[in-house]
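Written out below as structure tokens is the structure these notes cover.
This one's a predicted model, so the numbers in the text were calculated from it and none came from an experiment. All values below were derived from every heavy atom in this structure, side-chain atoms included, with hydrogens, water molecules and symmetry-related copies excluded.
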Amino acid sequence: MTENFDLSDFSVEELTSLIDEATTLRDTRRSSRDRKSTGADGSKAQDVHNPDHGVIPTPTPRDVKDEGPAHGVPK
């Protein structure tokens, strides 16, 4: 939805301020959107640049071999 605004009564300073504010808002939205990309199924991806993004580590084969029997996995 695009709206037209009459900017003819704005001073140069007001227009500059408006442009600066709009640019800052656009950049903030872009950076937020870029980190939260949507997958093909509509799911949101994690922000891997965030150190607290909650990744679940995958066990190595050695971990499975050592820890598996304690969880009922045969040797």
Side-chain angles (χ1 to χ4, degrees):
M1 180 171 141
T2 303
E3 294 183 38
N4 292 325
F5 297 98
D6 181 13
L7 303 175
S8 60
D9 290 335
F10 282 74
S11 68
V12 172
E13 292 82 15
E14 290 171 322
L15 288 171
T16 301
S17 176
L18 181 64
I19 291 169
D20 290 343
E21 186 177 341
T23 302
T24 301
L25 180 58
R26 181 191 60 202
D27 292 344
T28 301
R29 289 181 177 175
R30 265 190 194 156
S31 67
S32 176
R33 182 179 61 237
D34 290 344
R35 282 180 270 163
K36 296 180 181 177
S37 59
T38 303
D41 62 354
S43 63
K44 294 286 184 180
Q46 292 181 347
D47 177 7
V48 295
H49 300 291
N50 178 351
D52 299 319
H53 63 80
V55 68
I56 300 171
T58 304
T60 65
R62 182 72 175 176
D63 292 336
V64 173
K65 182 179 177 186
D66 293 343
E67 299 292 325
H71 300 280
V73 177
K75 279 190 172 186

Sequence neighbours excluded, the answer for side chain to side chain donor-acceptor pair (under 3.5 Å) partners of E67 is none
With sequence neighbours left out, the residues meeting side chain to side chain contact (heavy atoms under 4.5 Å, CB included) with T23 are I19, R26, D27
With sequence neighbours left out, the residues meeting side chain to side chain contact (heavy atoms under 4.5 Å, CB included) with T24 are T28
With sequence neighbours left out, the residues meeting side chain to side chain donor-acceptor pair (under 3.5 Å) with D9 are none
Tracing side-chain contacts under 4.5 Å among Ile, Leu, Val, Met, Phe, Trp and Tyr outward from F5 reaches L7, F10, L15, L18
With sequence neighbours left out, the residues meeting side chain to side chain contact (heavy atoms under 4.5 Å, CB included) with S17 are none
